[in-house]
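Because the structure is predicted, anything quoted here is derived from the model rather than measured. Residue numbering restarts at 1 for every chain, and letters A, B, ... go by the order of the sequence lines. Just so it is clear, the values below take in all heavy atoms, side chains as well, and ignore hydrogens, waters and symmetry mates.
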Number of protein chains: 2
Amino acid sequence: MNIGDASAQSGLPAKTIRYYEEIGLLKPGRAGNGYRDYSVKDLHGLRFLQRARSLGFSVDDCRQLLSLYHDKARESADVKAIAEAKLVEIDRKIAELVGLRGALHHLVAHCHGDERPDCPIIDELAGHGLVQ
Amino acid sequence: MNIGDASAQSGLPAKTIRYYEEIGLLKPGRAGNGYRDYSVKDLHGLRFLQRARSLGFSVDDCRQLLSLYHDKARESADVKAIAEAKLVEIDRKIAELVGLRGALHHLVAHCHGDERPDCPIIDELAGHGLVQ
DNA sequence: AGTACCGGTTCCAGTAACTGGAAGGTCAAG
DNA sequence: CTTGACCTTCCAGTTACTGGAACCGGTACT
């Protein structure tokens, strides 16, 4: 199967698939004409990558998960550990964004937002603000 | 004032300050020895940048905010518009992360996480999963 | 045979916002 | 006079791709 079909069936752009090969996530065979040739197994790998990436795993996480996927003697605890670490990371990001949101919302709420130059948002950024 | 002091008083690493200069956010004077020389006004600009970045504004947002900061005839509505757009963006990111968190939490909760190879997380990523 | 066109190939550059490190100049202190 | 802290510039690396150029393969139509 050519890269175009592999792309359509995995949901990954062809450019991305070539990139994953470049960084060593998979190595499809080559046809006589030099075209990449994807087996069903390769396709499973690509779909696996697409799902893992869309769940927020980094490419490096994916590298580990993929090797666990291929390792029939894996321990599910190893997989769970990666997923739990990612969960902690996501929670941290959410908390940070919620904090930002609060501060920004506070500023926006205090700015009249008209044609006058007086602006509490600028004041706060300048350090003369009402927040904190 | 040398870059080290400007760094200490703005909370920005010296490397970052040089970078901001390179991309045109500020242009401090130079002393006779070639060292950058930061005025009090420059320092205010740096503090402004530090606060704006920590509130989640992109460097490009900062460029606009900084020019509004220096524009005494600005309209507060312009500033508010930037802040509100950022707020929408933050809300979008939070929603996305919360969605990810839900899916990942669901997977983690179903994985026993022991020495056995059977793993619902891997199964789901492979497309044979219980989720969806 | 010629040509049009789609899809494949490689390689180079750019994105966001820094960060690390190398090689070298400056300055104050001992 | 040397040590060490601090400054300078420039180059490379980070994350995960994405766009584009230049070129080759394969098929269909005339």
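No engagement by B/I23 is indicated, since no non-hydrogen atom pair under 4.0 Å with the nucleic acid exists.
In this model, no side-chain donor or acceptor of A/Y35 finds a partner on the base of D/dG26 within 3.5 Å.
Checked by atom type and distance alone, the side chain of A/S7 never pairs as donor or acceptor with a backbone atom of A/I3 at under 3.5 Å. Under a 3.5 Å cut-off, the side chain of A/D42 and the backbone N or O of A/S39 do form a donor-acceptor pair. With hydrogens and angles ignored, the 3.5 Å screen pairs no side-chain donor or acceptor of B/R30 with any backbone N or O of B/Y35.
In this structure, A/I17 atom CD1 and C/dG7 atom P are separated by 15 Å, rounded to whole Å. Rounded to a whole Å, the CG atom of B/D5 is 14 Å from the C1' atom of C/dC27. The nearest whole Å value for the distance from the CD atom in A/E22 to the C1' atom in D/dT15 is 13 Å. Between A/D61 atom CG and D/dT15 atom P the separation is 11 Å, expressed in whole Å. Taking atom OH on B/Y19 and atom P on D/dC11, their separation rounds to 17 Å, with Å as the unit. Taking atom CG of residue B/D37 and atom P of nucleotide C/dT26, one finds them 17 Å apart after rounding to whole Å. A/E21 has its CD atom 12 Å from the P atom of C/dC11, to the nearest Å. Going from atom CG of B/D60 over to atom P of C/dA17 covers 7 Å, rounded to whole Å.
A/S76 and B/D114 share a donor-acceptor pair across their side chains, judged by distance under 3.5 Å alone.
Contact annotation: B/N33 does not reach the phosphate of D/dT8 (side-chain N/O to OP1 or OP2, under 4.0 Å). Dashed line: the shortest gap from a side-chain N or O of A/R36 to OP1 or OP2 of C/dT10 is under 4.0 Å. Remark: B/Y20 is in phosphate contact with C/dC18, judged by side-chain N or O atoms under 4.0 Å from OP1 or OP2. In this structure, A/T16 does not reach the D/dA16 phosphate: none of its side-chain N or O atoms is under 4.0 Å from OP1 or OP2. At D/dC7, none of the side-chain N or O atoms of B/R30 fall inside 4.0 Å of OP1 or OP2 (strictly under the cut-off). For D/dT18, the OP1/OP2 oxygens have no side-chain nitrogen or oxygen of A/R18 closer than 4.0 Å.
In this structure, the side chains of B/E75 and A/P117 stay at 4.5 Å or more apart for every pair of heavy atoms.
Summary of the strand contacts: B/K15 and A/G34 both lie near DNA chain C, and taking for each the nucleotide with the nearest heavy atom, the more 5' one is attributed to A/G34. Both B/G32 and B/V59 lie near DNA chain C, and the one whose nearest nucleotide falls closer to the 5' end is B/V59.
Of the candidate nucleotides D/dA16, D/dT8, D/dT18, D/dT8 has the atom nearest to the side chain of B/I3.
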